[in-house]
Amino acid sequence: MPTLLWFRRDLRVGDLPALSAAVADDPEVLACFVLDPRLEASSGQRRLQFLGDCLRQLRDDLDGRLLITRGTAHERIPQLAREIAASAVHVSGDFTPFGQRRDQQVQSALGGVPLVSTGSPYLVSPGRVVKDDGSPYRVFTPFFRRWREHGWRRPASSGPESARWIDPSGVPGSDPAEIPDLGVELELPAGEPAALQHWRGFVEARSDRYESDRDRPDRDGGSRMSAYLKFGNIHPRTMAVDLDMRCPGRAAYLRQLAFRDFYAAVLHHWPRSAWANWNRDFDSIQTDTDAEAQRRFERWKTGQTGFPIVDAGMRELSATGFMHNRVRMIAASFLVKDLHLPWQWGARWFLDQLVDGDMANNQHGWQWAAGCGTDAAPYFRVFNPTLQGAKFDPDGAYVRRWVPELADVEDPHLVKGARPRDYPAPIVDHRDERAEALRRYLSINE
DNA sequence: AGCAGGTTTGT
DNA sequence: CAAACCTGC
């Protein structure tokens, strides 16, 4: 039975063991990657860099038997399936609403050929953890309890090499175009072996201080696994088996993996929450979108707001495609509550810039910050960017690293100290804007 | 997954 | 007198 393994831009190498197991007895398997040309636009380049590394790694693993073709998946897959007379198409897909819609488009275009979903990159598939009456959880903590009771399979033991592959040469219609080489070195090497190696390093050397250091952008306290998870270079199940609950840092990390599953489940149950307020009460909140708002948005994007921790984060993002999670929360809060811009503006920018940008996590993280999501921060919780910076980056090492104007200043968070002349003045007064944000929230129900 | 402004506690 | 703890927004 000829089988086409199809990956879209969210390539999940971590699903290969499951795929291999599913097709172990079938020698007629072809792996295919569909590169959406829209990813080649500037906004998608960061992720394309990482993806390119993943693809090169995969091509090596598959002994060169990887088909790369340009186009949109819902056009190319049915075409290829017909060309190789595939009797089934195995899909390694993600759980974005776009993905779901494309799956449906592909399914209908395929006619009678079955579309087989071969697994997800989550510990527990979205939609599986629900309340007793079948309704989805809206709050993380009870979800977490039920999620742990649910359990999950151990990772597949067989590797990708256990599958045999057909020779793709001679398959008509495939574009032999090379994987774009952007010539930019990322901090993290891509690919499954690199992901595994990085993970082992984290578990052995840094997981015991994860709990205390994960909120500290000045320390290397995070696991930095997010891009590997996003691109499926590693399956969270592979990680979960290493998370001994008796070790506090590792237990805390499992909770974060549960959060990832939770937001995937939220997006599964409420697909419109990708771009619309999950809590529709917020539809009437007033946001600024005029020319002045757009000027402020530009200052935010380029790290020129005059608030050190925000600027450091935004500059780290531009330079590396990554931002520390605590700083993401601060920068998001600042855009929503100090600049009064629509959270979707920030979410779009993050999704475009972050190497690990994930629809479910990114969008719901923003909704949390904006107060309109599940489990959202109450409206009166307004981050003070200066105090947050001083609290989580006490020596200012993070700010000094990313904001050179403040490198040699005694008080880099500018709590009381003097502001160097070459560093921008604050674009807003936090006290005033905090009051303004509260006013706007309170007026929702008037 | 805050903040501010208070009160209590510990040295 | 500073750190730790409490409480309403």
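To find a chain, count down the sequence lines: A is the first, B the second, and so on, and within it residues start at 1.
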Heavy atoms only, 4.0 Å cut-off, all strands: where does R431(A) land among base, sugar-phosphate and nothing?
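Result for R431(A) = nothing.
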Using a cut-off of 4.0 Å on non-hydrogen atoms, how would the nucleic acid contact of L438(A) be classed: base, sugar-phosphate, or nothing?
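Contact class for L438(A): none.
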Which whole-number value in Å describes the distance from [X] [atom1] to [N] [atom2]?
X	N	atom1	atom2	result
R440(A)	dC9(C)	CZ	P	23 Å
I309(A)	dG2(B)	CD1	P	13 Å
E433(A)	dC3(B)	CD	P	17 Å
I330(A)	dG2(B)	CD1	C1'	12 Å
R434(A)	dG2(B)	CZ	C1'	8 Å
N384(A)	dC9(C)	CG	C1'	16 Å
F380(A)	dG2(B)	CZ	P	12 Å
R216(A)	dA1(B)	CZ	P	18 Å

Cation over ring face, R148(A) and F144(A), 6.0 Å, 45°:
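Verdict for F144(A): a cation-pi partner in R148(A).
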Cation-pi between R216(A) and F392(A): NZ/CZ under 6.0 Å from ring centre and within 45° of the ring axis?
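Ring-cation test returns no.
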Given dG2(B), is OP1 or OP2 found less than 4.0 Å from the side-chain N or O atoms of R326(A)?
yes
Any side-chain N or O of Q388(A) under 4.0 Å from OP1/OP2 of dC3(B)?
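Checking dC3(B) against Q388(A), a side-chain N or O does come within under 4.0 Å of OP1 or OP2.
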So that I know where these two stand, are H198(A) and Y228(A) an aromatic pair - ring centroids less than 6.0 Å apart?
yes
So, Y423(A) and D311(A): side-chain donor and acceptor under 3.5 Å apart, yes or no?
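Result is yes, a qualifying pair exists.
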